[in-house]
Amino acid sequence: MKFELAILPGDGIGPEVVAETVKVLQAISSRFGHEFDLHYGDIGGIAIDRYGVALTAETLSLCQSCHAVLLGAVGGPKWDDPLAKVRPEDGLLGLRKGLRLFANLRLVKVLPILVNSTTIKPEVIEGVDLVVVRELTGGLYFGRPKKRWQTSRGRRAVDTLSYSEHEIERILCVGFELARSRRKKLTSVDKANVLESSRLWRQLAIELAPRYPDVELEHLLVDACAMRLIQRPTQFDVIVTENMFGDILTDEASMLAGSMGMLPSASLAGIPKEGHPIFGLYEPIHGSAPSRAGKNMANPIATILSLAMMLRYSLGLGEEATAVEGAVGHVLDQGYRTYDVMASGMTLVGTREMGDLVSAEIVAQSPLSPC
Ligand code: IPM
Ligand code: MG
């Protein structure tokens, strides 16, 4: 099969982790015989430097013309002025909105061999395997009014948390569907004791539940969820929540897995179902880590695992996705670690070496390979 892919490396460590992921894609191509046409575009700070905007119309239409998008990371101190008219993050937000990627799936799976690389007790995180379904194109990030202005009593600013029934329902459905395909437990996270939008959210979750009788639905306030994630994270299967809550909770949840460098994400334009590939954008959940950029240090695994999600959800290549995940697991089993998950007795490798190891493993697994 032939696939068209948009590749947006972005800023900081983005280009490095994307380059390693492209190597892995080539390994998949040679093992399984697929053809991937790669179309590179600019996003974030690099686009601001080149064109004065974080997302050009060309990049957006490039993405629209492809089967899926792979993104590295955006941002860096160079573009961090709070008074700046354009910010690298605008590129990412514009892409999410412009491509209607309303469902963000963030997987947090603690690999047994990494239980000792976190600051949390191994017995608490052993067996953690959860997904956060974050609403991605609504809420505080996009609500209007959103502005800053001068008043006679000083400066003032406003952001708006607004959701329509349609927006809430479709993301809840993603949560229910995903829970149905996993351990059948859905935790809907809101702040219904304070926020009107959360009360609508909770009501819609209750109304939808009878359509999914096989899924156990629980409601949790976001502050309690933050606590429970650290206290008893194995209790969670699928968490579904609004944009801003999801942003915060997924950074917290990533610490369960030892490093943000391990966690992939998918941003989808529809409800993922077995056998029905849907358009999506795939990126690691970590940022551009400017202080690590250009040093061959960054962990490319989050991006490589994001590629696995792309193969599964947007290209309908489940076996290939499993091959990527298996190769990553095998390389970690052999003791190779980037600095962020390094532990005593392990072998420290750089970004490029990790990419090479995973790619070689994919080719080596091939039933046609001589070994
Ligand atoms: C994320 C990031 C983004 C977000 C930033 C870079 C705009 O933190 O993907 O979690 O807040 O959504
Ligand atoms: Mg974030």
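Judged purely by distance below 3.5 Å, without hydrogens or angles, the side chains of N104 and E135 never pair a donor atom with an acceptor atom. Residues T56 and T59 bring a donor and an acceptor atom of their side chains to less than 3.5 Å of each other. No side-chain donor from either of R96 and T137 sits under 3.5 Å from a side-chain acceptor of the other. E218 and T187 share a donor-acceptor pair across their side chains, judged by distance under 3.5 Å alone. No donor-acceptor contact under 3.5 angstrom links the side chains of T303 and Y282, judged on distance only.
Using a 4.0 Å cut-off between charged side-chain N and carboxylate O, R87 and D80 make a salt bridge. At a threshold of 4.0 Å, the pair E126-K121 does not count as salt-bridged, since none of the basic side-chain nitrogens sits closer than that to a carboxylate oxygen. Between R312 and E325, at least one side-chain nitrogen of the basic residue sits less than 4.0 Å from a carboxylate oxygen of the acidic one, meeting the salt-bridge criterion.
Under the 30°/60° scheme for interplanar angles, the aromatic rings of F3 and H34 are found to stand perpendicular.
Listed for the T160 side chain is no donor-acceptor partner under 3.5 Å among the backbone atoms of S162. Between the side chain of S198 and the backbone N or O of W201, no donor-acceptor pair lies under 3.5 Å. Remark: the backbone N or O of L332 is paired with a side-chain donor or acceptor of R337 at under 3.5 angstrom. Proximity of a side-chain donor or acceptor of R134 to a complementary backbone N or O of N243 within less than 3.5 Å is detected. Checking side-chain atoms of S188 against main-chain N and O of A205 turns up no donor-acceptor pair under 3.5 Å. At distances below 3.5 Å, at least one donor-acceptor pair connects side-chain atoms of D237 with backbone N or O atoms of R183. Here the side chain of K295 pairs no donor or acceptor atom with the backbone of I13 at under 3.5 angstrom. Without hydrogens or angle criteria, S29 side chain to E35 main chain gives no donor-acceptor distance under 3.5 Å. The backbone N or O of L229 lies less than 3.5 Å from no partner atom in the side chain of E252, so there is not a single donor-acceptor pair. K146 places a side-chain N or O within donor-acceptor distance of the main-chain N or O of Y141, the cut-off being under 3.5 Å.
Pairing each heavy atom of F245 with each of V189, the nearest pair is CD1-O, 4.3 Å. Nearest approach of G138 to Y163, heavy atoms of both residues: C-OH, 3.5 Å. Residues L161 and S197 come closest through the heavy atom pair CD2-OG, 3.6 Å. The heavy-atom pair separating L83 from D81 by the smallest distance is N-OD1, 2.8 Å. Nearest heavy atom pair, residue D11 against residue I43, reads OD1-O, 4.0 Å. Between R106 and T250, the shortest heavy-atom distance links the atoms NH1-OG1, 2.9 Å.
A cation-pi arrangement is absent between R211 and F176, since the terminal nitrogen or guanidinium carbon is not both under 6.0 Å from the aromatic centre and inside a 45° cone about the axis.
Residues forming a side chain to side chain contact (heavy atoms under 4.5 Å, CB included) with S164 (at least two apart in sequence, or on another chain): H166, E167. Remark: A47 engages D42, Y51 in a side chain to side chain contact (heavy atoms under 4.5 Å, CB included) (not counting sequence neighbours). Among residues two or more places apart in sequence or in another chain, the salt bridge (charged side-chain N to carboxylate O under 4.0 Å, His left out) test is passed with R292 by none. The side chain to side chain contact (heavy atoms under 4.5 Å, CB included) test applied to E4 returns K2, D37, H39, C66, H67, not counting sequence neighbours. A search for side chain to side chain contact (heavy atoms under 4.5 Å, CB included) contacts involving I271 returns C173, V174, E177, not counting sequence neighbours.
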Mind running side-chain contact (heavy atoms from CB on, under 4.5 Å) on L186 and E216 for me, showing each step along the way?
CA-CA 6 Å; L186 180 65; E216 179 201 340; over 6 Å; no

Output, in order, the C-alpha distance, side-chain angles, deciding distance and verdict of side-chain contact (heavy atoms from CB on, under 4.5 Å) for V215 and V238.
CA-CA 10 Å; V215 175; V238 179; over 6 Å; no

Test log, rule side-chain contact (heavy atoms from CB on, under 4.5 Å), inputs R182 and D129
CA-CA 10 Å; R182 293 171 45 100; D129 180 6; 3.4 Å; yes

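Between atom CG of residue L92 and atom CG of residue L281 there is a gap of 7.0 Å, rounded to the nearest 0.5 Å. Remark: L249 CG to E242 CD distance equals 9.5 Å, nearest 0.5 Å. If you take CG on L5 and CG on L25, they are separated by 6.0 Å, rounding to the nearest 0.5 Å.
The only member of V240, T241, L268 that meets side-chain contact (heavy atoms from CB on, under 4.5 Å) when paired with V133 is V240.
Sequence neighbours left out, the pairs with a member in residues 189-200 that pass salt bridge (charged side-chain N to carboxylate O under 4.0 Å, His left out) are D190-R202, K191-D223, E196-R199.
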